[in-house]
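Just follow the structure's listing: the first ligand is 1, and inside any ligand the first atom is 1. For this chain, numbers begin at 1 and follow the sequence in order. This structure is a prediction, so every number in the text was calculated from the model and none was measured.
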Amino acid sequence: MADYDVIIIGSGPGGYVSAIRCAQLGLKTACVEGRDTLGGTCLNVGCIPSKALLHASHMLHEAEHNFAAMGLKGKSPSVDWKQMLAYKDDVISQNTKGIEFLFKKNKVDWLKGWGSIPAPGKVKVGEETHNARNIVIATGSVSSSLPGVEVDEKVVVTSTGALELNKVPKKMVVIGAGVIGLEMGSVYARLGTEVEVIEFLDAVTPGMDAEIAKTFQRTLKKQGLKFTMGAAVQKVEATKTKAKVTYKLRKNDAEATVDADVVLVATGRKPFTDGLGLAELGVEMTDRGQVKVGDHWNTNVAGIYAIGDAIEGPMLAHKAEDEGIGVAETIAGQKGHVNYGVIPGVIYTSPEVASVGQTEEQLKEAGRAYKVGKFSFMGNGRAKANFAGEGFVKILADAETDRVLGAHMIGPMVGDLIHEICVGMEFGAAAEDIARTCHAHPTYSEAVREAALACGDGAIHS
Ligand code: NAI
(Lines give C-alpha, C1' and ligand atoms only; values in the text may rest on other atoms or scores of the structure.)
Protein backbone atom coordinates (compact mmCIF):
# COMPACT_ATOMS: atom_id res chain seq x y z
CA MET A 1 0.00 0.00 0.00
CA ALA A 2 1.27 3.44 -0.93
CA ASP A 3 0.11 7.04 -0.77
CA TYR A 4 -0.17 8.95 -4.01
CA ASP A 5 -1.20 12.44 -5.04
CA VAL A 6 -2.77 10.93 -8.17
CA ILE A 7 -3.66 7.46 -9.36
CA ILE A 8 -4.71 7.20 -12.95
CA ILE A 9 -6.68 4.13 -13.96
CA GLY A 10 -5.81 3.13 -17.53
CA SER A 11 -2.63 3.69 -19.53
CA GLY A 12 -4.01 4.57 -22.97
CA PRO A 13 -3.09 7.89 -24.58
CA GLY A 14 -5.29 9.74 -22.06
CA GLY A 15 -3.96 7.93 -19.01
CA TYR A 16 -0.27 7.66 -19.76
CA VAL A 17 0.05 11.25 -20.98
CA SER A 18 -1.80 12.45 -17.89
CA ALA A 19 0.47 10.38 -15.63
CA ILE A 20 3.62 11.84 -17.19
CA ARG A 21 2.31 15.40 -16.93
CA CYS A 22 1.19 14.85 -13.29
CA ALA A 23 4.70 13.64 -12.45
CA GLN A 24 6.29 16.55 -14.31
CA LEU A 25 4.15 18.90 -12.22
CA GLY A 26 5.59 17.42 -9.04
CA LEU A 27 2.74 15.08 -8.10
CA LYS A 28 3.48 11.58 -6.79
CA THR A 29 1.79 9.54 -9.48
CA ALA A 30 0.84 5.96 -10.28
CA CYS A 31 -0.92 4.51 -13.31
CA VAL A 32 -2.93 1.30 -13.12
CA GLU A 33 -2.87 -1.03 -16.13
CA GLY A 34 -4.11 -4.61 -16.34
CA ARG A 35 -2.74 -5.44 -19.78
CA ASP A 36 0.77 -6.89 -20.02
CA THR A 37 1.90 -3.76 -21.84
CA LEU A 38 1.20 -0.04 -21.46
CA GLY A 39 -0.53 2.11 -24.07
CA GLY A 40 -4.13 0.89 -24.01
CA THR A 41 -6.20 0.19 -27.10
CA CYS A 42 -4.40 2.80 -29.21
CA LEU A 43 -0.91 1.36 -28.93
CA ASN A 44 -1.78 -2.32 -28.54
CA VAL A 45 -4.80 -2.97 -30.77
CA GLY A 46 -5.80 0.31 -32.39
CA CYS A 47 -4.17 3.39 -33.88
CA ILE A 48 -0.56 2.21 -33.97
CA PRO A 49 -0.91 -1.39 -35.29
CA SER A 50 -3.50 -0.33 -37.86
CA LYS A 51 -1.11 2.36 -39.12
CA ALA A 52 1.62 -0.26 -39.55
CA LEU A 53 -0.71 -2.36 -41.73
CA LEU A 54 -1.91 0.73 -43.61
CA HIS A 55 1.71 1.66 -44.34
CA ALA A 56 2.70 -1.83 -45.48
CA SER A 57 -0.35 -2.24 -47.70
CA HIS A 58 0.16 1.26 -49.13
CA MET A 59 3.73 0.34 -50.07
CA LEU A 60 2.38 -2.74 -51.86
CA HIS A 61 -0.12 -0.57 -53.70
CA GLU A 62 2.65 1.82 -54.77
CA ALA A 63 4.78 -1.07 -56.01
CA GLU A 64 1.89 -2.60 -57.95
CA HIS A 65 0.53 0.60 -59.45
CA ASN A 66 3.22 3.26 -59.68
CA PHE A 67 6.67 1.70 -59.71
CA ALA A 68 6.70 0.77 -63.40
CA ALA A 69 5.66 4.26 -64.47
CA MET A 70 8.61 5.70 -62.51
CA GLY A 71 10.98 3.34 -64.28
CA LEU A 72 11.24 0.95 -61.37
CA LYS A 73 10.90 -2.41 -63.08
CA GLY A 74 11.05 -5.94 -61.75
CA LYS A 75 9.06 -8.44 -59.82
CA SER A 76 6.29 -6.85 -57.84
CA PRO A 77 6.38 -7.82 -54.10
CA SER A 78 4.02 -10.48 -52.80
CA VAL A 79 2.46 -10.56 -49.34
CA ASP A 80 4.17 -12.52 -46.58
CA TRP A 81 1.36 -12.11 -44.06
CA LYS A 82 3.25 -13.63 -41.13
CA GLN A 83 6.09 -11.17 -41.65
CA MET A 84 3.67 -8.27 -42.02
CA LEU A 85 2.10 -9.18 -38.68
CA ALA A 86 5.56 -9.53 -37.13
CA TYR A 87 6.45 -6.05 -38.38
CA LYS A 88 3.22 -4.73 -36.88
CA ASP A 89 3.96 -6.46 -33.55
CA ASP A 90 7.45 -5.01 -33.51
CA VAL A 91 6.03 -1.51 -34.01
CA ILE A 92 3.62 -2.13 -31.09
CA SER A 93 6.40 -3.35 -28.87
CA GLN A 94 8.68 -0.39 -29.63
CA ASN A 95 5.86 1.98 -28.72
CA THR A 96 4.65 0.24 -25.57
CA LYS A 97 8.24 -0.14 -24.27
CA GLY A 98 8.70 3.54 -25.01
CA ILE A 99 5.92 4.36 -22.53
CA GLU A 100 7.49 2.07 -19.95
CA PHE A 101 10.75 3.98 -20.36
CA LEU A 102 8.95 7.33 -20.02
CA PHE A 103 7.24 6.13 -16.83
CA LYS A 104 10.60 5.19 -15.33
CA LYS A 105 12.18 8.46 -16.46
CA ASN A 106 9.36 10.49 -14.89
CA LYS A 107 9.05 8.26 -11.79
CA VAL A 108 5.50 7.17 -12.50
CA ASP A 109 4.73 3.85 -10.75
CA TRP A 110 2.99 1.26 -12.91
CA LEU A 111 0.52 -0.60 -10.67
CA LYS A 112 0.02 -3.86 -12.58
CA GLY A 113 -3.51 -5.27 -12.52
CA TRP A 114 -7.10 -4.11 -12.98
CA GLY A 115 -8.06 -1.26 -10.72
CA SER A 116 -11.27 -0.44 -8.88
CA ILE A 117 -12.33 2.36 -6.56
CA PRO A 118 -13.68 0.81 -3.32
CA ALA A 119 -14.15 4.28 -1.77
CA PRO A 120 -13.25 7.87 -2.62
CA GLY A 121 -9.49 8.26 -2.15
CA LYS A 122 -8.81 4.53 -2.52
CA VAL A 123 -7.75 2.46 -5.51
CA LYS A 124 -7.61 -1.32 -5.27
CA VAL A 125 -5.29 -3.22 -7.59
CA GLY A 126 -5.20 -6.98 -7.03
CA GLU A 127 -5.00 -7.52 -3.27
CA GLU A 128 -3.54 -4.10 -2.53
CA THR A 129 -5.42 -0.92 -1.78
CA HIS A 130 -3.61 2.38 -2.28
CA ASN A 131 -4.45 5.88 -1.06
CA ALA A 132 -4.89 8.55 -3.71
CA ARG A 133 -5.80 12.17 -3.08
CA ASN A 134 -6.98 12.30 -6.70
CA ILE A 135 -8.16 9.54 -9.01
CA VAL A 136 -8.44 9.86 -12.78
CA ILE A 137 -10.59 7.39 -14.69
CA ALA A 138 -8.98 6.90 -18.10
CA THR A 139 -10.34 3.46 -18.89
CA GLY A 140 -11.19 4.08 -22.55
CA SER A 141 -13.72 2.21 -24.64
CA VAL A 142 -14.57 -1.17 -26.15
CA SER A 143 -16.29 -2.11 -29.42
CA SER A 144 -20.06 -1.94 -29.11
CA SER A 145 -21.99 -5.09 -29.77
CA LEU A 146 -24.64 -5.45 -32.43
CA PRO A 147 -27.81 -7.46 -31.73
CA GLY A 148 -27.77 -10.74 -33.65
CA VAL A 149 -24.00 -10.68 -34.07
CA GLU A 150 -21.65 -12.75 -31.95
CA VAL A 151 -17.99 -11.82 -32.16
CA ASP A 152 -15.47 -14.70 -32.00
CA GLU A 153 -12.46 -12.57 -33.10
CA LYS A 154 -11.68 -15.18 -35.76
CA VAL A 155 -14.45 -15.16 -38.36
CA VAL A 156 -16.58 -12.38 -36.88
CA VAL A 157 -14.11 -9.81 -35.63
CA THR A 158 -13.84 -6.33 -34.13
CA SER A 159 -10.88 -4.11 -34.99
CA THR A 160 -8.83 -6.17 -32.50
CA GLY A 161 -9.34 -9.44 -34.38
CA ALA A 162 -8.93 -7.68 -37.74
CA LEU A 163 -5.32 -6.93 -36.77
CA GLU A 164 -4.59 -10.61 -36.08
CA LEU A 165 -6.31 -12.64 -38.81
CA ASN A 166 -4.51 -15.91 -39.48
CA LYS A 167 -4.56 -15.23 -43.21
CA VAL A 168 -5.61 -12.56 -45.68
CA PRO A 169 -9.28 -13.39 -46.35
CA LYS A 170 -10.71 -13.76 -49.86
CA LYS A 171 -13.89 -11.94 -48.97
CA MET A 172 -14.54 -9.57 -46.07
CA VAL A 173 -17.79 -7.90 -45.13
CA VAL A 174 -17.36 -4.74 -43.10
CA ILE A 175 -20.37 -3.65 -41.07
CA GLY A 176 -20.26 0.13 -40.67
CA ALA A 177 -18.64 2.72 -42.96
CA GLY A 178 -17.05 4.64 -40.08
CA VAL A 179 -13.38 5.26 -39.47
CA ILE A 180 -12.49 1.73 -38.36
CA GLY A 181 -14.43 0.01 -41.15
CA LEU A 182 -12.88 2.13 -43.88
CA GLU A 183 -9.31 2.08 -42.54
CA MET A 184 -9.27 -1.68 -42.07
CA GLY A 185 -11.35 -2.24 -45.22
CA SER A 186 -8.79 -0.40 -47.28
CA VAL A 187 -5.90 -2.36 -45.77
CA TYR A 188 -7.47 -5.65 -46.83
CA ALA A 189 -8.64 -4.35 -50.21
CA ARG A 190 -5.03 -3.42 -50.98
CA LEU A 191 -3.87 -6.86 -49.89
CA GLY A 192 -6.23 -8.43 -52.44
CA THR A 193 -9.35 -9.09 -50.36
CA GLU A 194 -12.76 -8.48 -51.91
CA VAL A 195 -14.24 -5.98 -49.43
CA GLU A 196 -17.93 -5.14 -49.15
CA VAL A 197 -19.01 -2.42 -46.73
CA ILE A 198 -22.58 -2.47 -45.42
CA GLU A 199 -23.68 0.86 -43.96
CA PHE A 200 -26.92 1.86 -42.29
CA LEU A 201 -26.84 5.49 -43.44
CA ASP A 202 -26.67 6.84 -47.00
CA ALA A 203 -23.22 8.39 -46.61
CA VAL A 204 -19.91 7.16 -45.25
CA THR A 205 -18.27 8.53 -42.08
CA PRO A 206 -21.21 10.22 -40.35
CA GLY A 207 -20.63 13.82 -39.32
CA MET A 208 -17.99 14.47 -41.95
CA ASP A 209 -18.31 17.38 -44.42
CA ALA A 210 -20.66 15.93 -47.06
CA GLU A 211 -18.56 16.93 -50.08
CA ILE A 212 -15.49 15.23 -48.62
CA ALA A 213 -17.51 12.15 -47.64
CA LYS A 214 -18.80 11.82 -51.20
CA THR A 215 -15.34 12.17 -52.75
CA PHE A 216 -13.93 9.76 -50.16
CA GLN A 217 -16.50 7.09 -50.98
CA ARG A 218 -15.91 7.52 -54.72
CA THR A 219 -12.15 7.15 -54.19
CA LEU A 220 -12.59 3.99 -52.14
CA LYS A 221 -14.92 2.56 -54.77
CA LYS A 222 -12.21 3.14 -57.38
CA GLN A 223 -9.86 1.23 -55.11
CA GLY A 224 -12.21 -1.74 -55.29
CA LEU A 225 -14.30 -1.45 -52.13
CA LYS A 226 -17.95 -2.25 -52.70
CA PHE A 227 -20.63 -0.32 -50.76
CA THR A 228 -24.14 -1.34 -49.82
CA MET A 229 -25.65 1.80 -48.33
CA GLY A 230 -28.89 2.33 -46.42
CA ALA A 231 -28.75 -1.23 -45.12
CA ALA A 232 -29.21 -2.37 -41.54
CA VAL A 233 -27.44 -5.59 -40.64
CA GLN A 234 -29.88 -7.94 -38.94
CA LYS A 235 -27.74 -10.92 -38.05
CA VAL A 236 -24.53 -12.76 -38.78
CA GLU A 237 -24.47 -16.57 -38.82
CA ALA A 238 -20.99 -17.97 -38.55
CA THR A 239 -19.28 -21.35 -38.74
CA LYS A 240 -15.58 -21.90 -37.94
CA THR A 241 -14.52 -20.65 -41.37
CA LYS A 242 -17.37 -18.72 -42.98
CA ALA A 243 -20.14 -16.28 -42.17
CA LYS A 244 -23.42 -15.20 -43.68
CA VAL A 245 -24.56 -11.62 -43.15
CA THR A 246 -28.25 -10.77 -43.39
CA TYR A 247 -29.23 -7.15 -43.91
CA LYS A 248 -32.38 -5.20 -44.67
CA LEU A 249 -32.49 -2.28 -47.11
CA ARG A 250 -34.05 0.72 -45.42
CA LYS A 251 -35.78 2.01 -48.55
CA ASN A 252 -37.98 -1.04 -49.17
CA ASP A 253 -37.36 -3.43 -46.27
CA ALA A 254 -36.00 -6.02 -48.74
CA GLU A 255 -33.80 -8.58 -47.06
CA ALA A 256 -30.60 -9.90 -48.60
CA THR A 257 -27.63 -12.00 -47.54
CA VAL A 258 -23.95 -11.95 -48.34
CA ASP A 259 -21.29 -14.58 -47.57
CA ALA A 260 -17.82 -13.79 -46.29
CA ASP A 261 -14.70 -15.42 -44.91
CA VAL A 262 -14.41 -12.67 -42.32
CA VAL A 263 -16.93 -10.13 -41.02
CA LEU A 264 -15.58 -6.98 -39.38
CA VAL A 265 -18.04 -5.38 -36.98
CA ALA A 266 -17.20 -1.66 -36.91
CA THR A 267 -20.40 -0.07 -35.66
CA GLY A 268 -18.96 2.14 -32.97
CA ARG A 269 -17.39 1.92 -29.54
CA LYS A 270 -18.74 2.43 -26.03
CA PRO A 271 -17.12 3.63 -22.79
CA PHE A 272 -15.45 0.91 -20.73
CA THR A 273 -16.06 1.43 -17.03
CA ASP A 274 -16.98 -2.10 -15.93
CA GLY A 275 -15.62 -3.26 -12.61
CA LEU A 276 -14.56 0.17 -11.36
CA GLY A 277 -17.37 0.31 -8.80
CA LEU A 278 -18.75 3.61 -10.09
CA ALA A 279 -22.40 2.79 -9.34
CA GLU A 280 -21.57 1.96 -5.70
CA LEU A 281 -19.67 5.24 -5.42
CA GLY A 282 -22.64 7.14 -6.86
CA VAL A 283 -20.64 8.53 -9.79
CA GLU A 284 -23.11 10.12 -12.19
CA MET A 285 -23.25 8.73 -15.72
CA THR A 286 -24.86 10.04 -18.91
CA ASP A 287 -27.65 8.01 -20.49
CA ARG A 288 -25.08 6.83 -23.05
CA GLY A 289 -22.98 5.19 -20.34
CA GLN A 290 -20.30 7.89 -20.21
CA VAL A 291 -18.91 9.24 -16.96
CA LYS A 292 -20.47 12.66 -16.48
CA VAL A 293 -17.89 15.38 -15.93
CA GLY A 294 -17.85 19.10 -15.26
CA ASP A 295 -15.69 21.77 -16.88
CA HIS A 296 -12.54 20.46 -15.22
CA TRP A 297 -13.14 16.74 -15.88
CA ASN A 298 -14.42 16.44 -12.29
CA THR A 299 -17.13 13.90 -11.56
CA ASN A 300 -19.78 14.56 -8.93
CA VAL A 301 -17.60 12.69 -6.38
CA ALA A 302 -14.85 14.90 -4.96
CA GLY A 303 -11.35 13.81 -5.96
CA ILE A 304 -12.51 11.60 -8.86
CA TYR A 305 -11.97 12.81 -12.43
CA ALA A 306 -12.52 11.20 -15.82
CA ILE A 307 -11.10 11.78 -19.32
CA GLY A 308 -10.92 10.29 -22.82
CA ASP A 309 -13.29 7.76 -24.38
CA ALA A 310 -14.91 7.16 -20.97
CA ILE A 311 -16.50 10.63 -21.11
CA GLU A 312 -18.43 12.58 -23.77
CA GLY A 313 -16.93 13.83 -27.00
CA PRO A 314 -15.14 12.32 -29.98
CA MET A 315 -13.39 9.03 -29.22
CA LEU A 316 -9.98 10.16 -30.35
CA ALA A 317 -6.59 9.46 -28.80
CA HIS A 318 -5.44 13.07 -29.14
CA LYS A 319 -8.59 14.43 -27.50
CA ALA A 320 -7.89 12.06 -24.57
CA GLU A 321 -4.25 13.20 -24.43
CA ASP A 322 -5.21 16.84 -24.24
CA GLU A 323 -7.73 16.09 -21.51
CA GLY A 324 -5.00 14.11 -19.72
CA ILE A 325 -2.79 17.19 -19.66
CA GLY A 326 -5.71 19.44 -18.73
CA VAL A 327 -6.73 17.29 -15.77
CA ALA A 328 -3.12 17.02 -14.57
CA GLU A 329 -2.83 20.81 -14.62
CA THR A 330 -6.17 21.13 -12.81
CA ILE A 331 -5.06 18.70 -10.08
CA ALA A 332 -1.77 20.61 -9.76
CA GLY A 333 -3.74 23.80 -9.12
CA GLN A 334 -3.24 25.27 -12.60
CA LYS A 335 -5.87 26.14 -15.21
CA GLY A 336 -6.18 23.08 -17.45
CA HIS A 337 -8.05 23.77 -20.68
CA VAL A 338 -8.99 22.01 -23.92
CA ASN A 339 -10.39 23.88 -26.91
CA TYR A 340 -13.01 21.41 -28.12
CA GLY A 341 -13.65 23.58 -31.19
CA VAL A 342 -10.24 22.76 -32.63
CA ILE A 343 -9.83 19.00 -32.44
CA PRO A 344 -8.71 17.53 -35.75
CA GLY A 345 -10.08 14.26 -37.09
CA VAL A 346 -8.01 12.14 -39.45
CA ILE A 347 -8.70 8.97 -41.40
CA TYR A 348 -5.46 7.25 -42.33
CA THR A 349 -6.44 5.73 -45.63
CA SER A 350 -4.71 6.63 -48.87
CA PRO A 351 -5.52 9.36 -49.73
CA GLU A 352 -5.92 10.54 -46.15
CA VAL A 353 -8.93 12.49 -44.94
CA ALA A 354 -8.68 15.26 -42.36
CA SER A 355 -10.95 17.85 -40.89
CA VAL A 356 -11.15 20.45 -38.14
CA GLY A 357 -13.77 22.93 -37.03
CA GLN A 358 -17.19 23.28 -38.58
CA THR A 359 -18.51 21.55 -41.69
CA GLU A 360 -20.49 23.36 -44.39
CA GLU A 361 -23.60 21.55 -43.18
CA GLN A 362 -23.10 22.84 -39.62
CA LEU A 363 -22.54 26.40 -40.84
CA LYS A 364 -25.68 26.26 -42.99
CA GLU A 365 -27.69 24.92 -40.10
CA ALA A 366 -26.43 27.71 -37.86
CA GLY A 367 -27.38 30.23 -40.55
CA ARG A 368 -23.83 31.58 -40.63
CA ALA A 369 -22.62 33.47 -43.72
CA TYR A 370 -19.40 31.83 -44.91
CA LYS A 371 -17.17 31.59 -47.94
CA VAL A 372 -15.43 28.55 -49.37
CA GLY A 373 -11.90 28.35 -50.75
CA LYS A 374 -11.03 25.13 -52.54
CA PHE A 375 -7.93 23.79 -54.22
CA SER A 376 -7.38 20.47 -55.96
CA PHE A 377 -4.18 18.49 -55.47
CA MET A 378 -4.11 18.17 -59.28
CA GLY A 379 -2.77 21.73 -59.27
CA ASN A 380 0.01 20.85 -56.81
CA GLY A 381 3.32 19.99 -58.46
CA ARG A 382 4.60 17.78 -55.65
CA ALA A 383 1.39 15.77 -55.57
CA LYS A 384 1.55 15.21 -59.33
CA ALA A 385 5.15 13.97 -59.07
CA ASN A 386 4.11 11.54 -56.34
CA PHE A 387 0.99 10.07 -58.05
CA ALA A 388 -1.04 11.82 -55.36
CA GLY A 389 -3.08 14.36 -57.31
CA GLU A 390 -6.39 12.98 -56.09
CA GLY A 391 -8.34 15.09 -53.61
CA PHE A 392 -8.65 18.69 -52.51
CA VAL A 393 -8.41 21.15 -49.65
CA LYS A 394 -11.44 23.16 -48.62
CA ILE A 395 -11.28 26.06 -46.20
CA LEU A 396 -14.41 27.65 -44.74
CA ALA A 397 -14.09 31.23 -43.57
CA ASP A 398 -16.51 33.77 -42.12
CA ALA A 399 -18.00 35.80 -45.00
CA GLU A 400 -17.43 39.08 -43.24
CA THR A 401 -14.36 38.72 -41.01
CA ASP A 402 -12.52 36.07 -43.09
CA ARG A 403 -11.83 34.14 -39.86
CA VAL A 404 -11.21 30.44 -40.53
CA LEU A 405 -14.15 28.40 -39.24
CA GLY A 406 -13.17 24.97 -40.49
CA ALA A 407 -11.14 23.00 -43.00
CA HIS A 408 -11.76 19.69 -44.71
CA MET A 409 -9.26 17.85 -46.83
CA ILE A 410 -8.78 14.65 -48.75
CA GLY A 411 -5.41 14.00 -50.29
CA PRO A 412 -1.77 13.14 -49.59
CA MET A 413 -0.56 13.66 -46.01
CA VAL A 414 -3.58 15.82 -45.15
CA GLY A 415 -3.47 14.28 -41.67
CA ASP A 416 -0.35 16.39 -41.19
CA LEU A 417 -1.40 19.38 -43.28
CA ILE A 418 -4.53 19.93 -41.16
CA HIS A 419 -2.40 21.15 -38.27
CA GLU A 420 -1.46 24.37 -39.96
CA ILE A 421 -5.17 25.16 -39.90
CA CYS A 422 -5.45 24.04 -36.26
CA VAL A 423 -2.67 26.41 -35.21
CA GLY A 424 -4.23 29.15 -37.32
CA MET A 425 -7.63 28.61 -35.70
CA GLU A 426 -6.10 28.67 -32.21
CA PHE A 427 -4.65 32.07 -33.06
CA GLY A 428 -7.92 33.28 -34.59
CA ALA A 429 -6.40 33.40 -38.09
CA ALA A 430 -8.17 34.79 -41.12
CA ALA A 431 -7.88 32.87 -44.40
CA GLU A 432 -5.75 35.79 -45.61
CA ASP A 433 -3.22 35.16 -42.81
CA ILE A 434 -2.67 31.67 -44.18
CA ALA A 435 -2.65 32.92 -47.77
CA ARG A 436 0.00 35.52 -46.97
CA THR A 437 2.26 33.04 -45.16
CA CYS A 438 5.12 31.91 -47.40
CA HIS A 439 4.84 28.15 -48.04
CA ALA A 440 7.86 26.19 -49.32
CA HIS A 441 7.75 24.98 -52.89
CA PRO A 442 7.27 22.22 -53.82
CA THR A 443 5.27 20.88 -50.88
CA TYR A 444 1.77 19.51 -50.39
CA SER A 445 1.20 22.40 -47.97
CA GLU A 446 0.95 24.77 -50.92
CA ALA A 447 -2.50 23.30 -51.54
CA VAL A 448 -3.58 24.66 -48.14
CA ARG A 449 -2.25 28.08 -49.00
CA GLU A 450 -3.98 27.98 -52.39
CA ALA A 451 -7.30 27.08 -50.74
CA ALA A 452 -6.78 30.06 -48.41
CA LEU A 453 -6.07 32.25 -51.45
CA ALA A 454 -9.28 30.92 -53.00
CA CYS A 455 -11.18 32.38 -50.02
CA GLY A 456 -10.01 35.79 -51.24
CA ASP A 457 -8.83 36.95 -54.68
CA GLY A 458 -8.39 33.43 -56.01
CA ALA A 459 -5.89 30.58 -56.14
CA ILE A 460 -2.93 30.92 -58.50
CA HIS A 461 -2.71 27.40 -59.91
CA SER A 462 -6.34 26.61 -60.69
P1 NAI B 1 -18.23 5.00 -36.18
O2 NAI B 1 -19.20 5.50 -35.20
O3 NAI B 1 -17.19 5.90 -36.75
O4 NAI B 1 -19.00 4.33 -37.42
C5 NAI B 1 -19.93 3.28 -37.24
C6 NAI B 1 -20.79 3.15 -38.49
O7 NAI B 1 -21.58 1.96 -38.39
C8 NAI B 1 -21.77 4.29 -38.66
O9 NAI B 1 -21.61 4.85 -39.95
C10 NAI B 1 -23.14 3.64 -38.45
O11 NAI B 1 -24.15 4.26 -39.21
C12 NAI B 1 -22.88 2.22 -38.90
N13 NAI B 1 -23.81 1.20 -38.35
C14 NAI B 1 -24.25 1.09 -37.07
N15 NAI B 1 -25.08 0.03 -36.94
C16 NAI B 1 -25.18 -0.56 -38.16
C17 NAI B 1 -25.90 -1.70 -38.67
N18 NAI B 1 -26.67 -2.48 -37.91
N19 NAI B 1 -25.79 -2.00 -39.99
C20 NAI B 1 -25.00 -1.24 -40.79
N21 NAI B 1 -24.30 -0.16 -40.36
C22 NAI B 1 -24.38 0.18 -39.06
O23 NAI B 1 -17.53 3.76 -35.44
P24 NAI B 1 -16.18 2.95 -35.67
O25 NAI B 1 -15.69 3.07 -37.06
O26 NAI B 1 -16.44 1.60 -35.11
O27 NAI B 1 -15.14 3.73 -34.76
C28 NAI B 1 -15.33 3.78 -33.35
C29 NAI B 1 -14.63 4.98 -32.76
O30 NAI B 1 -13.23 4.85 -32.86
C31 NAI B 1 -15.03 6.26 -33.45
O32 NAI B 1 -15.38 7.20 -32.48
C33 NAI B 1 -13.79 6.68 -34.17
O34 NAI B 1 -13.66 8.09 -34.22
C35 NAI B 1 -12.67 6.03 -33.37
N36 NAI B 1 -11.54 5.73 -34.26
C37 NAI B 1 -10.82 6.76 -34.77
C38 NAI B 1 -9.79 6.52 -35.64
C39 NAI B 1 -9.07 7.68 -36.22
O40 NAI B 1 -9.21 8.78 -35.71
N41 NAI B 1 -8.32 7.52 -37.30
C42 NAI B 1 -9.43 5.17 -36.06
C43 NAI B 1 -10.28 4.17 -35.49
C44 NAI B 1 -11.28 4.46 -34.61
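Side-chain N or O atoms of E196 include none that pairs as donor or acceptor with a backbone N or O of E194 at under 3.5 Å. Between the side chain of T257 and the backbone N or O of K244 there is no donor-acceptor pair closer than 3.5 Å.
Side chains of T158 and E153: a donor-acceptor N/O pair is present below 3.5 angstrom, by distance only. Checked by atom type, the side-chain pair D416/Y444 shows no donor-acceptor distance below 3.5 Å.
Every atom of ligand 1 is numbered from 1 in the order shown, and the set under 4.0 Å from a heavy atom of P206 is 8 (C), 9 (O).
Not a single N or O atom of L146, backbone or side chain, sits closer than 3.5 Å to an N or O atom of ligand 1. Residue contacts with ligand 1: L316 is placed with no nitrogen or oxygen under 3.5 Å of a nitrogen or oxygen of the ligand (distance criterion only). On a distance-only criterion, K51 and ligand 1 share no N/O pair closer than 3.5 Å. Below 3.5 Å of separation, one finds an N or O of G268 facing an N or O of ligand 1. Residue Y348 places no N or O, backbone or side chain, under 3.5 Å from any N or O of ligand 1. On a distance-only criterion, I175 and ligand 1 share no N/O pair closer than 3.5 Å.
In terms of protein heavy-atom proximity, atom 42 (C) of ligand 1 is nearest to V179 CG1, 3.4 Å. Protein heavy atom at the shortest distance from atom 44 (C) of ligand 1 is I180 CG1, 3.2 Å. Closest to atom 10 (C) of ligand 1, if we only count protein heavy atoms, is E199 OE2, 3.5 Å. The shortest contact between atom 21 (N) of ligand 1 and any protein heavy atom is with F200 N, 3.1 Å. The protein atom (non-hydrogen) at minimum distance from atom 1 (P) of ligand 1 is G178 CA, 4.1 Å.
Residue-level proximity to ligand 1 for Y247 is absent, since no heavy atom of it falls below 4.0 angstrom.
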Would you be so kind as to tabulate the donor-acceptor pairs closer than 3.5 Å made by side chains of residues 264-271, with sequence neighbours excluded?
from: R269; atom 1: NE; to: S141; atom 2: OG; distance (Å): 2.9
from: R269; atom 1: NH2; to: S141; atom 2: O; distance (Å): 2.6
from: R269; atom 1: NH2; to: S141; atom 2: OG; distance (Å): 3.4

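For atom 30 (O) of ligand 1, the nearest non-hydrogen atom from the set K248, M208, R269 belongs to R269. Atom 32 (O) of ligand 1 has its nearest heavy-atom neighbour, among M315, K270, K319, in M315. Between the choices P314, G176, G345, the shortest heavy-atom distance to atom 7 (O) of ligand 1 belongs to G176.
Minimum heavy-atom separation, M184 to L53: CE-CD1, 4.4 Å. Residues E361 and D209 approach most closely at OE1-CA, 3.5 Å, considering heavy atoms. Smallest separation of non-hydrogen atoms from L38 and L43: O-CB, 4.4 Å.
K51 and E183 are joined by a salt bridge, as a carboxylate oxygen and a charged side-chain nitrogen come within less than 4.0 angstrom of each other.
Close to ligand 1: A231, with a non-hydrogen atom less than 4.0 angstrom away.
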